[in-house]
Amino acid sequence: VARWWFYFERPPDTVSPGLVFGPISHDMWSLTHISANVGLLLVAGGFAEPYIGKKKILVILFGLGYLGTYLTNLTALIHLRWMIAGASGGILALWVYAGLRLRHKAYRFRDGIGWSTKGLETYTAVVLLLGIFPFLFHELFLQVPPHSGHLIGLATGCMYFGYEAYVKRE
């Protein structure tokens, strides 16, 4: 029953509520994956919330989460895997967006990190920015096959940041 409500199947069941609930659900059999998602969400969301607001976090999580899930399923013919859940894509989009949007806070790293709110912000900004590369390396070279939902989540976070920066520049 849960599969019908929260998962896409191959071929997708067009009547299934999984089309709606799939992007906010998760694989119930992987505790490490769920724990990692919760950790990433707490770090990125907790750090970014005072600066970008709750509404923007929800837009990124759900908007880019849905977009990432649908893009992932459009590419299913390439990687031969239908997406079974899509929460990871929205969370990774938030991770990348928060790191890029608040990258200026990482510049204070040169001055040293103290035990203060600014020190914690600096450390978190550095972790967000540098954490992208090992995750990308893991997905591209160690994960067989690569999880396209994760890769598309990273890409949509970058694209949303780029789009927002372009719109503000005009």
Side-chain angles (χ1 to χ4, degrees), residues 2-14 16-49 52-103 124 127-166:
R3 292 191 77 78
W4 187 76
W5 277 94
F6 291 104
Y7 288 42
F8 278 16
E9 296 289 350
R10 182 181 173 183
D13 182 355
T14 55
S16 166
L19 292 170
V20 174
F21 295 123
I24 59 172
S25 67
H26 212 288
D27 182 4
M28 306 303 177
W29 302 108
S30 177
L31 185 58
T32 55
H33 199 129
I34 293 170
S35 300
N37 275 353
V38 169
L40 292 173
L41 181 59
L42 287 174
V43 170
F47 175 59
E49 193 266 331
I52 66 175
K54 292 175 186 161
K55 280 186 182 178
K56 172 90 49 137
I57 286 176
L58 291 175
V59 165
I60 292 169
L61 276 176
F62 292 110
L64 297 183
Y66 275 92
L67 177 64
T69 297
Y70 295 124
L71 290 174
T72 300
N73 284 297
L74 288 175
T75 62
L77 296 175
I78 297 168
H79 51 77
L80 303 176
R81 289 179 62 192
W82 285 91
M83 204 56 200
I84 56 173
S88 302
I91 292 168
L92 287 168
L94 175 63
W95 178 277
V96 171
Y97 176 83
L100 293 173
R101 177 82 161 29
L102 301 170
R103 68 193 181 283
T124 306
V127 167
L128 288 177
L129 289 169
L130 294 181
I132 296 168
F133 301 106
F135 192 86
L136 191 56
F137 178 84
H138 175 267
E139 287 299 319
L140 292 175
F141 300 110
L142 303 177
Q143 182 80 16
V144 178
H147 194 303
S148 59
H150 293 168
L151 295 173
I152 289 174
L154 293 170
T156 56
C158 287
M159 287 188 288
Y160 185 70
F161 171 77
Y163 168 76
E164 193 177 72
Y166 177 77

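The residues of the chain are indexed from 1 along the displayed sequence. Here the structure is a predicted model, which is why all the values come from computation and not from measurement.
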Closer than 4.0 angstrom, basic N to acidic O: yes or no for Lys56 and Glu49?
no
For the residue pair Thr156 and Met159, establish whether any side-chain heavy-atom pair is separated by less than 4.5 Å.
yes
Below 4.5 Å, heavy atoms only, C-beta onward: do Arg101 and Glu164 meet side chain to side chain?
yes
Side chains of Phe161 and Arg103: does their closest heavy-atom pair fall under 4.5 Å?
yes
Would you name the heavy atoms of Leu94 and Ala44 that are closest together and state the gap between them?
CG-CB, 4.2 Å
Output the distance between atom CZ (Phe135) and atom CG (Leu142), rounded to the nearest 0.5 Å.
11.5 Å
So, the side chain of Trp95 versus the backbone of Leu41: is there a donor-acceptor pair under 3.5 Å, distance only?
no
Euclidean distance, Leu61 CG relative to Ile91 CD1, rounded to 0.5 Å:
6.5 Å
Taking the side chain as every heavy atom from C-beta outward, state whether Leu102 and Leu128 have any pair of such atoms under 4.5 Å apart.
no
In terms of heavy-atom contacts, Ile60 and Ala93 come closest through CG2-C, 4.0 Å
Residue of the set Val127, Val96, Leu92 for which side-chain contact (heavy atoms from CB on, under 4.5 Å) holds with Ile132:
Val96
Ser88 to Asn37 - nearest heavy-atom pair and separation:
OG-ND2, 3.0 Å
